[in-house]
Amino acid sequence: MIPEFPDLGLLHFLNDPSVRSALWIGTMAAMLNGVIGVFAILRSQAFAGHALGDISSAGGAAAVFTGISALWGFLGMAWLAALVLSALGLKRAGERDLVTGVVLGGGLGISALFLYLDATGSSYSGAAVSIMFGSLFGIPGSMVLPVILSAMAGLLLVLLCYHPLLLVAADPDLARVMGVPAAFLETLYLLLLGLAAAISALTVGAILATALLLGPAGAAIHLARHPAQAFLYAAGIAFFCVVAGIYLAYESFYWFDGMAWPVSFFVVVLVLLSYLLAAAGSRIGIRQGRQTPAGATR
Amino acid sequence: MSSLISSSVGEEQNMLLLLEVAGLQVQIAGRSVLEDLDFRLDRGQFCALIGENGAGKTTLLRAILGLQPVRQGSIRIQGKPASELRGQIGYVPQKIAFDPNLPLRTRDLVELGLKGNRFGFRGFFGNTRSAVAAALAAVDGEGFADQRIGRLSGGQQQRAVIAHALVRRPPLLLLDEPLANLDFRSTNTLVQMLGRLVREEKITVLVTAHDMNPLLPFLDRLIYLAHGRAAVGDVDTVVQDGVLSHLYGYPVTVLRHQGRILVLPEDPRQGMETACPAHREAEHGEPGP
Ligand SMILES: Nc1ncnc2c1ncn2[C@@H]1O[C@H](COP(=O)(O)OP(=O)(O)O)[C@@H](O)[C@H]1O
Ligand SMILES: [Mg+2]
């Protein structure tokens, strides 16, 4: 995990197997979360996205306890929560946030239990930190293929349902009138949100998963002028943050005398910076009259 | 009230028949909202659905769209059950309020009127540019085609949704209270635009309203809804003391003044809301010309 030949620079960075796994998993997490995050914001379901990430920690903790791989733990719990939210089928935003909060509380309770069991019963003491805050360089190479396949499947599903998902996000009433199966799409979307949250949790940790899901997407929505642009920008920004974050974490080993700082920290800082830059940029754009000011109408 | 129309439709007119509602009954939460509704609309007619708040106007539109379960009766469009035409009817809901931050231009929303129900990769192919341009032109929306939908004025958002509905060339366009939040000038612009659509595109437009007056110059047909029943016909046939008194179940008086119509309960204690012609204060005006 820790580089042994510091002098070879970038080439050595790319040759390190744990870096390569991290880059693959990070790239997949970035693309899926960028795209799904845009939908989450369009649908005003940022909170649900955040909650699924947090709740997945229970699955991660259970995975450590039972010895299965972390991805399936995160995913299983995120999907369970997604199905609960979808079964409740809540329409009004206020009610949805309330119930999401209640489900989140329950999920974190389960998480607390398994983290306790992990801490008391297992020999692996770093479980809590790595579940909550990620350990991208510590993911076994065997996880790379499942992550690539499931992220690609998720992106393919988004492509297949792109226009209906967009219309439901813009206005569910108009979608229903056009015969779009809104309830089916709602469930599908929540499962995709769960998948994105789980892969994000694997990458930057369950607590920080929300940063990768919402940050790049929020930045992209500030900058984009139409939907396709929003999705491309979000995936691009997320990709940049993850790859640059991995590189900086790797390099930080030399800055701090062999005490590399966590990848998640760098990724999340870069996400925050991109969001702030994009928000400032869109403000300036509005002031220069490139877009209609929001206050002109209502 | 079906007697008002059933006699007027001859065999030769069936070619023109667009919408046929027969014996329609709708219950919501165990309460009867529409009871035994019968009427027909022809192709290329401008129709108003008039009734007080809670009369069941939205419920009827939702039933025509297949969104409202029907207890009894049938709704046929172009001879087919309405359920088969789901997705082909144009609808402009009453509440239109897009998020200002939605990265969706007016032209994107209009394009979704064609692609919004396309699954698979079909949505990514096929040129919709000319259809979108035509729909935007029909609502005079070229000026805000590239602006974010949520940052338009209320009236412009409404026109954007009309273009979204028009782009798939529906035989029938339903608008729910489109005049409710418009000022006097925007009301006239919109009603004239709808009149032009009826004439030029030969589509049938059905507009709900609680005040029929702004629509009067254009109306081919009026459906007056009260107590779950309807009187149907042209304006002069329906808006009469006798017909409306029968519908309401108590005496009402129809006053006509300078081409405007006022429906009043004879006994003010009936507390019926009148079809008041007063200009309501506009909630959102339209900036610019
Ligand atoms: N979801 C609902 N639950 C209970 N009652 C409803 C519901 N929707 C409509 N109604 C009732 O149905 C009647 C007709 O409503 P609506 O069609 O919205 O009237 P309008 O559009 O003419 O104002 C009203 O009395 C209303 O209270
Ligand atoms: Mg209504």
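Numbers restart at 1 for each chain; the letters A, B, ... are given by sequence-line order, proteins then strands.
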- Task: State the CG-CZ distance between Leu159(A) and Phe121(B), to the nearest 0.5 angstrom.
- Result: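 It is 5.5 Å, given to the nearest 0.5 Å.
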Which of Leu112(B), Ile96(B), Val161(B) passes side-chain contact (heavy atoms from CB on, under 4.5 Å) with Leu174(A)? It is Val161(B)
So for [X], is it side chain, backbone, both, or neither that comes closer than 4.5 Å to the heavy atoms of chain A?
X	result
Arg107(B)	neither
Leu67(B)	side chain
Phe144(B)	neither
Val92(B)	neither
Ile89(B)	backbone

query: Would you call Leu223(A) and Pro103(B) a side-chain contact if the rule is heavy atoms closer than 4.5 Å?
result: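 Leu223(A) vs Pro103(B): side chains apart.
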Does anything in residues 204-216 of chain A reach chain B? List residues with heavy atoms under 4.5 Å apart, or say none.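 Within residues 204-216 of chain A, near chain B: nothing under 4.5 Å.
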Could you go through His163(A) and Phe124(B), starting from their C-alpha distance and side-chain angles, then the distance that decides it, and tell me whether this counts as side chain to side chain contact (heavy atoms under 4.5 Å, CB included)? CA-CA 9 Å; His163(A) 292 104; Phe124(B) 294 97; 4.2 Å; yes
When every non-hydrogen atom of Lys115(B) is compared with those of Pro164(A), the smallest separation belongs to O-CD, 4.4 Å
Requested in this report: List the steps, then state whether side chain to side chain contact (heavy atoms under 4.5 Å, CB included) holds for Leu167(A) with His164(B).
Outcome: CA-CA 11 Å; Leu167(A) 184 57; His164(B) 162 94; 3.8 Å; yes
Could you check whether atom [atom1] of [X] has more than 12 heavy atoms from other residues, nucleotides or ligands sitting under 6.0 Å from it?
X	atom1	result
Phe240(A)	CZ	no
Phe239(A)	CZ	no
Met152(A)	CE	no

Measuring heavy-atom distances to chain B, does [X] have an atom under 4.5 Å in its side chain, in its backbone, in both, or in neither?
X	result
Leu185(A)	side chain
Leu156(A)	side chain
Ala175(A)	neither

- Task: Keeping the roles fixed (side chain from Asn117(B), backbone from Met178(A)), state whether a donor-acceptor pair exists under 3.5 Å.
- Result: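 Yes: the side chain of Asn117(B) pairs with the backbone of Met178(A).
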- Would a distance-only check, ignoring hydrogens and angles, find a side-chain to backbone donor-acceptor pair under 3.5 Å from Arg86(B) to Arg176(A)? yes
